[in-house]
2 protein chains.
Amino acid sequence: MEPDILELERFLPYRLYRLADTVSREFSRIYKERHGLTRPEWRTLSGLGERGTMTATELGEQSAMHKTKVSRAVAELERRRWLTRTPDENDRRVEHLALTKTGLATYREMVPLAKAFEGELLARLSDEERVAIVRGVAALEGALERK
Amino acid sequence: MEPDILELERFLPYRLYRLADTVSREFSRIYKERHGLTRPEWRTLSGLGERGTMTATELGEQSAMHKTKVSRAVAELERRRWLTRTPDENDRRVEHLALTKTGLATYREMVPLAKAFEGELLARLSDEERVAIVRGVAALEGALERK
DNA sequence: TTTCGATGGTTACAAATGAAACCAGTTTGG
DNA sequence: CCAAACTGGTTTCATTTGTAACCATCGAAA
């Protein structure tokens, strides 16, 4: 364990990134192959499916996306007629976004697939390992938030 | 807990990605601000600093990068004269990469910063939480490998 | 009210990325 | 020996991304 050497394999930021990248890449096949969605588009669909109605800003907060990603994802889903925008009564800068029937149908089709994916991933771990990853992730999330 | 709803906040692929993204973004400030490096460039520097000499293919495996990323990162570090290529004796397709004195000096400068970053992140967790994240990440890595 | 700083959201531009084609050079099988 | 398949690595092209500038609109303060 040389002090002046960094072992990438043990370096947490690297391991986290590689892990997330691998998982996300595999999962993305589900929405990419089936519907040609990008990740921001999937998150938009997912966020609106879950919450019903949100503004672009709220969507960005809920799904950790930069406003430009949100803007472009929303534009594309609108083009597909999977969502609609309704202008806010009081503030004309704001639009309320909601899924259309078609968008909602797609969302409903994806949810079980997403859950199955997560389930199969976790199924490969032991009970203690499952507890560990969930606990550890939550702890890091907390640490970063209150930073 | 509606069965036909996916809660993004609890969905492991999303949480992992967001976590890795946040951590990686913060860490990247260290090498971006100091030396204007991209992530692939940083990983190349780090990989060669750790191992001494590698081919581009080995580097890609060690640091989980697509070959095009490796190619471009190597080209840039070579341009800065932080690494050199030595043609292989037996196989003329292969080049052995190694850091120059300057490259190595930069690497040595970065190592303590990287370790400090990781240390400060982990320091915000309790002992059990630290164990949990390390254990959980290792478990998921294993699960994905043997898939 | 007018002005000025924030805020919601879009757009323009440059840089980073991924897929696939590509160019050696190398190995294998006939 | 030679063609075909393969491998290490680079390049091209289209897509995605991030930053910053931008265009409304809004709210607060003068």
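Letters A, B, ... mirror the listed sequences (proteins, then strands); counts begin at 1. Model, not experiment: these values are computed from the prediction.
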Query - Contact boundaries on DNA chain D for chain B, cut-off under 4.0 Å to non-hydrogen atoms - result: D:dT7 to D:dG18

Query - Residues that B:Y107 engages under ring-ring contact (aromatic ring centres under 6.0 Å, His included), provided they are two or more places apart - result: none

Report task. Using a strict 4.0 Å threshold on nitrogen-to-oxygen distance, state whether B:E76 and B:R80 make a salt bridge. Result -> yes

Report summary line: Quick note, ring-ring contact (aromatic ring centres under 6.0 Å, His included) partners involving residues 128-147 of chain B, not counting sequence neighbours, are none

**Report entry** Partner residues of A:T84 under the side-chain contact (heavy atoms from CB on, under 4.5 Å) criterion, sequence neighbours left out
**Finding:** A:T100

If you look only at distance, which donor and acceptor atoms sit under 3.5 Å apart when one is on a side chain in residues 55-64 of chain A and the other is two or more places apart or in another chain?
residue, atom, partner, partner atom, Å
A:T55, OG1, A:E58, N, 3.2
A:E58, OE1, A:T55, N, 2.9
A:Q62, NE2, A:E50, OE1, 3.2
A:S63, OG, A:L59, O, 2.7

Query raised in the report: Sequence neighbours excluded, which residues qualify as ring-ring contact (aromatic ring centres under 6.0 Å, His included) partners of B:F117?
Result: B:F27

Report summary line: Ordered by number, residues from residues 33-44 of chain A within less than 4.0 Å of DNA chain D (heavy atoms) are A:T38, A:P40

Query raised in the report: Mapping A:D21 and A:V74 to their closest nucleotides on DNA chain C, which lands nearer the 5' end?
Result: A:V74

Query raised in the report: How would you list all residue pairs meeting salt bridge (charged side-chain N to carboxylate O under 4.0 Å, His left out) that involve residues 121-134 of chain B, not counting sequence neighbours?
Result: B:D127-B:R130

Requested in this report: Please list, chain by chain and in numerical order, all residues satisfying ring-ring contact (aromatic ring centres under 6.0 Å, His included) with B:Y14, sequence neighbours excluded.
Outcome: none

**Report entry** A:K69 NZ to C:dG9 C1', straight-line distance once rounded to whole Å
**Finding:** 17 Å

Query - Set of residues satisfying side-chain contact (heavy atoms from CB on, under 4.5 Å) with respect to B:D91, sequence neighbours excluded - result: B:D88, B:R93, B:V94

**Report entry** B/S/- contact track for nucleotides 19-28 of chain C, protein heavy atom under 4.0 Å
**Finding:** BB---BBS--

**Report entry** Under the ring-ring contact (aromatic ring centres under 6.0 Å, His included) test, residues paired with B:H35 that sit two or more places apart
**Finding:** B:W82

